[in-house]
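Computed from a predicted structure; not experimentally measured.
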Amino acid sequence: MINSTPTALFVCTGNAARSVMAAAMLRAATDAVNITSAGTHSIPGLPMSTRTRTALAGFGVVDKDHLSAQLEQTMVDEASVIAIFEPMHLSYMRKKHPDANSKVASLPRLARDLAAGAPETLE
């Protein structure tokens with residue numbers, strides 16, 4: 001069965017700070033989108049950094065359940081959009097997951113170009 005709810009995947013390097021914060025903040029803002037995060041070079045199963053937890057708390061956001069995850073092909077396949085944070089992540093995606101190019105974008109590009117609207121238009 002295909003899930004009709006779009007999925008936003010945030011990808012950084014270690015899945016301990018940037019992608020964790022983006023995912024937690026979007027989760028706090030909506031439940032209309034599946035949200036996940038992963039790292040290009042992550043050690044699976046680690047909690048987010050203390051600095052990340054403190055920064056999120058400053059926005060009133062808490063994610064007690066986060067454990068780092070290495071980016072896997074199934075995550076890429078299930079994502080409607082993949083938000084990356086730096087050119088190194090784009091290079092990684094182009095090398096390791098070239099079939100996903102059409103759904104990969106930097107966070108600044110998404111903020112600038114993603115049309116405002118209902119979550120079902122995420123793709």
If we ignore hydrogens and angles and just use 3.5 Å, is the side chain of K103 paired with the main-chain N or O of V76 as donor and acceptor? yes
Rounded distance [0.5 Å steps], CE in M25 versus OG1 in T30: 14.0 Å
Exactly one candidate in N15, V11, L71 meets side chain to side chain contact (heavy atoms under 4.5 Å, CB included) with S42; the answer is N15
Nearest heavy-atom contact between P47 and L67 is N-CD2, 4.1 Å
Can you tell me how far apart CE (M21) and CZ (R51) are? Round to the nearest 0.5 Å. 10.0 Å
Is there a path of hydrophobic side-chain contacts, each under 4.5 Å between heavy atoms of I, L, V, M, F, W or Y residues, that connects F85 with L26? yes
Residue pair H89, C12: steps toward the side chain to side chain contact (heavy atoms under 4.5 Å, CB included) verdict: CA-CA 7 Å; H89 302 140; C12 69; 4.2 Å; yes
Flag, side chain of T52 to backbone of A16, donor-acceptor distance under 3.5 Å: yes
Reported CE-to-OG1 distance for the pair M93 and T40, which is rounded to 0.5 angstrom: 9.5 Å
Rounded at 0.5 Å granularity, tell me how far CE in M48 sits from OG in S68. 10.5 Å
Before giving the answer on side chain to side chain contact (heavy atoms under 4.5 Å, CB included), spell out for M75 and T7 the whole-Å C-alpha distance, their side-chain angles and the decisive distance to 0.1 Å. CA-CA 9 Å; M75 297 169 160; T7 297; over 6 Å; no
What's the shortest heavy-atom distance between P6 and V33, and which atoms? O-CG1, 3.4 Å
Give a yes or no on this: more than 12 heavy atoms of other residues, nucleotides or ligands lie within 6.0 Å of atom CG of D65. no
Do the ring planes of H41 and Y92 sit parallel (below 30°), tilted (30 to 60°) or perpendicular (above 60°)? perpendicular
What distance do D77 atom CG and H97 atom NE2 have between them, rounded to the nearest 0.5 Å? 9.0 Å
Would you check, one step at a time, whether the test side chain to side chain contact (heavy atoms under 4.5 Å, CB included) holds for R27 with V61? CA-CA 9 Å; R27 271 190 216 103; V61 176; over 6 Å; no
How long is the gap from CG on L90 to CD1 on I82, to the nearest 0.5 Å? 11.0 Å
Any heavy-atom pair between the side chains of I35 and F10 that's under 4.5 Å? yes
Shortest non-hydrogen contact from M88 to T13? CE-OG1, 3.1 Å
